[in-house]
Every structure is written in C-alpha cells, then in structure tokens.
Amino acid sequence: MSLVFLSLGSNLGNRRLNLKSALDRLGESAGRVIKSSGMREYNAWGYESRNLFLNMAVEIETLLGAYELLRVLKEIEGEMGRTQAGSGYTDRIIDIDIIFYDNLVMESEELIIPHPLMHKRIFVLEPLAEIAGDFVHPVLNKSVFDLVGSPF
C-alpha cells in the first residue's frame, strides 16, 4: 500500500458537489480515502478568472502504481466533464493532482512527483498542512508546515 496526497480543485458549477463527487469516485476507483481537509476558496493561479476555486487536500491509501493512479485520476476528471483545452490554465469542473506519492521522486514526460509547483501554491499548501503538516517534501527536505511559512 502506498500513501498518496492529492490536491483537488473546482471553479465551475457546484464546486462543493464537484469535490464531493470526486472524493466518492476516488474511494471507488483509486483507493481508500484516509483524510480530507476542509474546502477553501482561492483565486485562480496562473491565469485570470472571475470564478474562485474551491480547493482541498486528500490522503489516500492505494495499491495502484503512480502511472496507473494518474490514469485513474484523468478518467475521473473526464467522467466529471473536464476537458483539456490546449496548453495553459483554464476554468475547470475538477482538477486532481498528485502532490506526493509516498517519498517517491520521479520525473517523466507524463508525471513529476513530487508535484513540481506545489511549494509555490498556497491553495495546495494550506489544505495539505491541515492533514499532513509534518510530511517532509522528499526533495526540498522541508515539512509542509515549513513550506506554508516560506515566502514562495
């Protein structure tokens, strides 16, 4: 079993319902949901939008390998109506990112773990600190609590 931390976000439609639906689907197809943070509102990151995001962090226990988990997460996003609109950031019904997968450090064209921008995103760090503040980033060697206090 692997412990994985995910970041979930939604800024279209019924955001709260979107996140709850994603949680249910994660439990059905990705693994057992162990912990989830509260939901918090944040401005869009990397682009302009009138729609605030609702974000949360989730810890799951999974038997899936990293690539298989990524495939399942993309399937969940697609089933919920997320479309990939070229490159760049856009509004979305659901977004699910792998932040940490155990203490794995990997980089490929498809997947980078830990998430390469997580330490610069307060909308990832704050919810993650709620459920895993003591978890140490395997590359930066700082706890999530320390990263929240960083000037980014």
Side-chain angles (χ1 to χ4, degrees), residues 1-12 15 18-19 22-23 25-27 29-47 49 51-78 80 82-152:
M1 287 287 202
S2 293
L3 289 178
V4 178
F5 294 98
L6 306 172
S7 177
L8 283 69
S10 174
N11 78 333
L12 291 177
R15 302 169 304 159
N18 293 341
L19 292 177
L23 274 177
R25 291 166 190 249
L26 285 169
S29 58
R32 185 170 69 91
V33 176
I34 297 172
K35 292 182 196 172
S36 59
S37 72
M39 298 176 189
R40 300 171 181 224
E41 280 192 327
Y42 294 93
N43 290 319
W45 189 92
Y47 74 105
S49 177
N51 304 314
L52 291 175
F53 271 88
L54 199 58
N55 291 90
M56 67 185 302
V58 177
E59 179 181 5
I60 66 168
E61 190 176 60
T62 186
L63 291 170
L64 301 176
Y67 288 106
E68 181 67 9
L69 177 60
L70 178 63
R71 186 189 63 72
V72 167
L73 299 181
K74 295 303 175 195
E75 283 178 7
I76 291 170
E77 289 177 341
M80 292 183 63
R82 173 148 185 208
T83 56
Q84 300 291 338
S87 63
Y89 300 112
T90 61
D91 291 344
R92 59 208 87 144
I93 291 170
I94 192 69
D95 184 39
I96 309 172
D97 289 330
I98 300 171
I99 304 303
F100 297 120
Y101 184 105
D102 287 329
N103 285 312
L104 181 65
V105 176
M106 66 172 288
E107 184 170 347
S108 73
E109 224 173 271
E110 294 176 79
L111 183 60
I112 301 172
I113 298 175
H115 191 287
L117 297 174
M118 62 85 53
H119 61 287
K120 297 181 178 186
R121 296 176 169 177
I122 198 68
F123 65 88
V124 171
L125 290 171
E126 286 181 345
L128 189 58
E130 189 179 320
I131 63 169
D134 291 329
F135 189 87
V136 175
H137 191 295
V139 174
L140 301 177
N141 294 315
K142 290 184 176 184
S143 72
V144 173
F145 282 138
D146 289 339
L147 292 171
V148 170
S150 294
F152 307 115

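In this chain, residues are counted from 1 in sequence order. Only this structure's heavy atoms are used, side chains among them; waters, hydrogens and symmetry mates stay out. This structure is a prediction, so every number in the text was calculated from the model and none was measured.
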Just so I know, are the side chains of [X] and [Y] near enough to count as touching, which here means a heavy-atom distance under 4.5 Å?
| X | Y | result |
| --- | --- | --- |
| L140 | H119 | yes |
| Y101 | L6 | no |
| N43 | L52 | yes |
| E126 | N55 | no |
| F135 | F100 | yes |
| L3 | I34 | yes |
| L26 | L8 | yes |
| F5 | V144 | no |

N/O donor-acceptor pair under 3.5 Å between S7 side chain and D97 backbone
no
Identify the two heavy atoms, one from [X] and one from [Y], that lie closest to each other, and give their separation to 0.1 Å.
| X | Y | value |
| --- | --- | --- |
| S49 | N11 | OG-ND2, 3.6 Å |
| E77 | I96 | OE2-N, 2.7 Å |
| F145 | A129 | CE2-O, 3.6 Å |
| P127 | V124 | CD-O, 3.5 Å |
| S29 | I76 | OG-CD1, 3.7 Å |
| I113 | A66 | CD1-CB, 3.9 Å |

Presence of salt bridge, R40 and E130, under 4.0 angstrom
yes
Between [atom1] on residue [X] and [atom2] on residue [Y], distance to nearest 0.5 Å:
| X | Y | atom1 | atom2 | result |
| --- | --- | --- | --- | --- |
| M56 | L128 | CE | CG | 12.0 Å |
| K120 | H115 | NZ | NE2 | 12.0 Å |
| L147 | L125 | CG | CG | 6.0 Å |
| L19 | M39 | CG | CE | 5.0 Å |
| D95 | S10 | CG | OG | 9.5 Å |
| I94 | R15 | CD1 | CZ | 12.0 Å |

Applying side-chain contact (heavy atoms from CB on, under 4.5 Å) to V72 and T62, what does each step give before you reach the verdict?
CA-CA 11 Å; V72 167; T62 186; over 6 Å; no
Would you please test L63 and M1 for side-chain contact (heavy atoms from CB on, under 4.5 Å) and show each step?
CA-CA 5 Å; L63 291 170; M1 287 287 202; 3.6 Å; yes
